[in-house]
2 protein chains.
Amino acid sequence: MKDVATAAGVALKTVSRVVNDEPGVNPETAARVRAAIDRLGYRRNESARVLRRGRTATIGLVIEDVSDPFYSALNRAVEDVATRNGSLVLTGSSAENPARERELVLTFCDRRVDGLIIVPAGNDHAYLLPELKAGTVAVFADRPPEPGLDLDAVLCDNAGGVGQGVEHLIRHGHRRIAFLGDHPAIFTAAERLHGYRTALEAAGIPADDRLISMGPPGQARMAVELTRMLALPDPPTALLTGNGRLTVTALRVLATRPPPHPALVGFDDFELSDLIVPGVTVIAQNSSGLGRVAAELLFRRLSGHTGPARRIRLPTHLIARGSGELPPP
Amino acid sequence: MKDVATAAGVALKTVSRVVNDEPGVNPETAARVRAAIDRLGYRRNESARVLRRGRTATIGLVIEDVSDPFYSALNRAVEDVATRNGSLVLTGSSAENPARERELVLTFCDRRVDGLIIVPAGNDHAYLLPELKAGTVAVFADRPPEPGLDLDAVLCDNAGGVGQGVEHLIRHGHRRIAFLGDHPAIFTAAERLHGYRTALEAAGIPADDRLISMGPPGQARMAVELTRMLALPDPPTALLTGNGRLTVTALRVLATRPPPHPALVGFDDFELSDLIVPGVTVIAQNSSGLGRVAAELLFRRLSGHTGPARRIRLPTHLIARGSGELPPP
DNA sequence: CCTGCCGCTGACAACGTTGTCAGCCGTGCC
DNA sequence: GGCACGGCTGACAACGTTGTCAGCGGCAGG
């Protein structure tokens, strides 16, 4: 910038004014400065700008895994909103590890991101408090902050979605419906389990703990659990899987078994669910909506909005493709 | 930092030394400083550090779309290598738009990223030259830089991979093999088409232009092209699709037609290809390998390595799952 | 003619670090 | 006792911007 000023025969500050489109510069002078900028190929140093102004025009996004379709759709939606707001996105994968999440968030804060969108892996975000006090804005997505942390959050209607799925299966004649969910320490998994129990209860069907299995979506575990359930004297005639990976794992295990297969409804849509035979009936959640709304809440606060923390629930919707409409034998 | 210095009763510079683990500080003093740091919750301002040192410990990644499985796997691999090297990743989606790519790259450069990994959308990277001269390191992934731009690049063995696929189909008795590729202006699409022609020629089978269709992976276009080809007097008995999205589109179109279906080999593996019936035979490319190797090349250069630009080809491998082993009728 | 104002420009400090260099003190050697 | 040296510490400038304030000349109004 100094060089540009010299080349254009003006002071540093005038160049700064031109670069920032500040008013009060003689058009002729401005033109001369712009010419010098082009000639020298000058580009503003953002780091210095940040140091002086305090805003980085960068937000941080912490998700579980950038390569997971659910989160990468969320990532994309966040990126789109950020671009519209002139911001860039630093993304990090927490691998569902609270320590890694904390490390990422703090590193982002060191970089002075303007705001954070976090899919929390842990339940203790005390480490966030100093940053929040320092003016960093944070929004939680997919899972809420623990009580006491008063932040905006965007969630799916987990219980309601699972409820829709259970009702759908009941409508198709099922009463023995198994639920295969992720580890109940994960907020969404717990909510979905709750939705399952509530819907059964509402239909007057007693929940049977032997038809419930909660844990990580490994294929071995899934094989064991399905085998166990299907060998029961009154086996489930339908399965409800609690997230996309569980659905896929269940499909893989079922593929190793002879028909007839139980009906299946999966929470979370996934690509190609329509190409499998029968098509997989799913409860679609709006992953990009999650990202979009979270980013919008964030930028609203960044542009000065204050107000009580909001908690937004995005609706899910059931897509019938065949697997959920199989009747009980 | 000033506050910490005051609190610990030392000079600014001593705090800086402690924070950076520089040698030559009395352990007692260091302990006092560290205590003050903890007490005040001090965190170093990275922007100021960057301004002073010139290194941001951040790299930029420009891909086509963060939500595309191929690119998000690449993204994850880059992130992993970056983390191991103490760096963060700024990611942007170019949407296959050269102008957007340029904008992203220049914005990243304004932020003084140490290096760039680019999946180029366009063929003109003249805009990169000033940045390269200014010391930014760039590595291309999936597609090479245009001649004259002497940069490291990591590519898949596109022609060889398609060749494998063609040979596989020929081995299963096919001689009428159609090729459905993306727009030939895309480097990988052109290379794959070339591999197709070469492999046919090597087998002594004349290429038939009526069995070749190059263009974007829209379902309408795919439907038209497949209908046209399958209505020929001597229709193709096998299809080779040039990327993941084309494969999926072809599967969707085929699903609307009565059997028997032509054999199918798709370039690029995709999740659930094993759950479709018959399983989809693919030529798997190593998308995370692409990201990993590109990031490794980048960090090698960032740590001082100089040397001629390298061009690395990653092998592909064929995974037979059923659809590519269907015999001709 | 003087005053006040406006449009434009520039000098200077400040943002929070780190690199450079100088200084202090104690120790060991001549 | 004088000197060199090493371990430790600190003062200061610099990185490239932007915010603040002051200054300049011209013009309108009193």
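Numbers restart at 1 for each chain; the letters A, B, ... are given by sequence-line order, proteins then strands.
The existence of a salt bridge linking B:Arg292 and B:Asp80 is excluded, since no basic side-chain nitrogen approaches an acidic carboxylate oxygen closer than 4.0 Å.
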Do A:Val62 and A:Arg100 pass the side-chain contact (heavy atoms from CB on, under 4.5 Å) test, and can you show the C-alpha distance, the side-chain angles, and the key distance before you say yes or no? CA-CA 10 Å; A:Val62 179; A:Arg100 174 81 186 130; over 6 Å; no
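The shortest side-chain heavy-atom distance between B:Gln285 and B:Leu314 does not fall under the 4.5 Å cut-off.
D:dG16 atom P lies 7 Å from atom CG of A:Asn45, rounded to whole Å. If you take CD of A:Glu46 and C1' of D:dC15, they are 15 Å apart, rounded to a whole angstrom. One interatomic measurement links the two molecules: CZ of B:Arg43 to P of C:dT17, which rounds to 12 Å at whole-angstrom precision. Rounded to whole Å, the distance from CZ on A:Arg53 to P on D:dT20 is 12 Å. Separating the CZ atom of A:Arg111 from the P atom of C:dG16 is a distance of 18 Å, rounded to the nearest angstrom. The distance between atom CZ of A:Arg32 and atom C1' of C:dT9, rounded to the nearest whole Å, is 11 Å. Whole-Å rounding puts the B:Arg112 CZ to D:dT17 C1' distance at 11 Å. Rounded to whole Å, atom C1' of D:dC15 lies 9 Å from atom CG of A:Leu51.
Side-chain polar atoms of A:Arg44 and A:Asn20 form a donor-acceptor pair below 3.5 angstrom.
The distance from atom CZ of A:Phe108 to atom CG of A:Asp114, rounded to the nearest 0.5 Å, is 13.0 Å.
A heavy-atom distance below 4.0 Å to DNA chain D is reached by these residues of residues 11-29 of chain B, ordered by number: B:Ala11, B:Lys13, B:Thr14, B:Arg17, B:Gly24, B:Val25, B:Asn26, B:Thr29.
At the heavy-atom level, B:Val10 lies under 4.0 Å from the strands shown only through sugar-phosphate atoms.
Residue B:Arg143 is tested with B:Val154, B:Asn158, B:Ile118, B:Thr188 for a side chain to side chain contact (heavy atoms under 4.5 Å, CB included); the sole match is B:Thr188.
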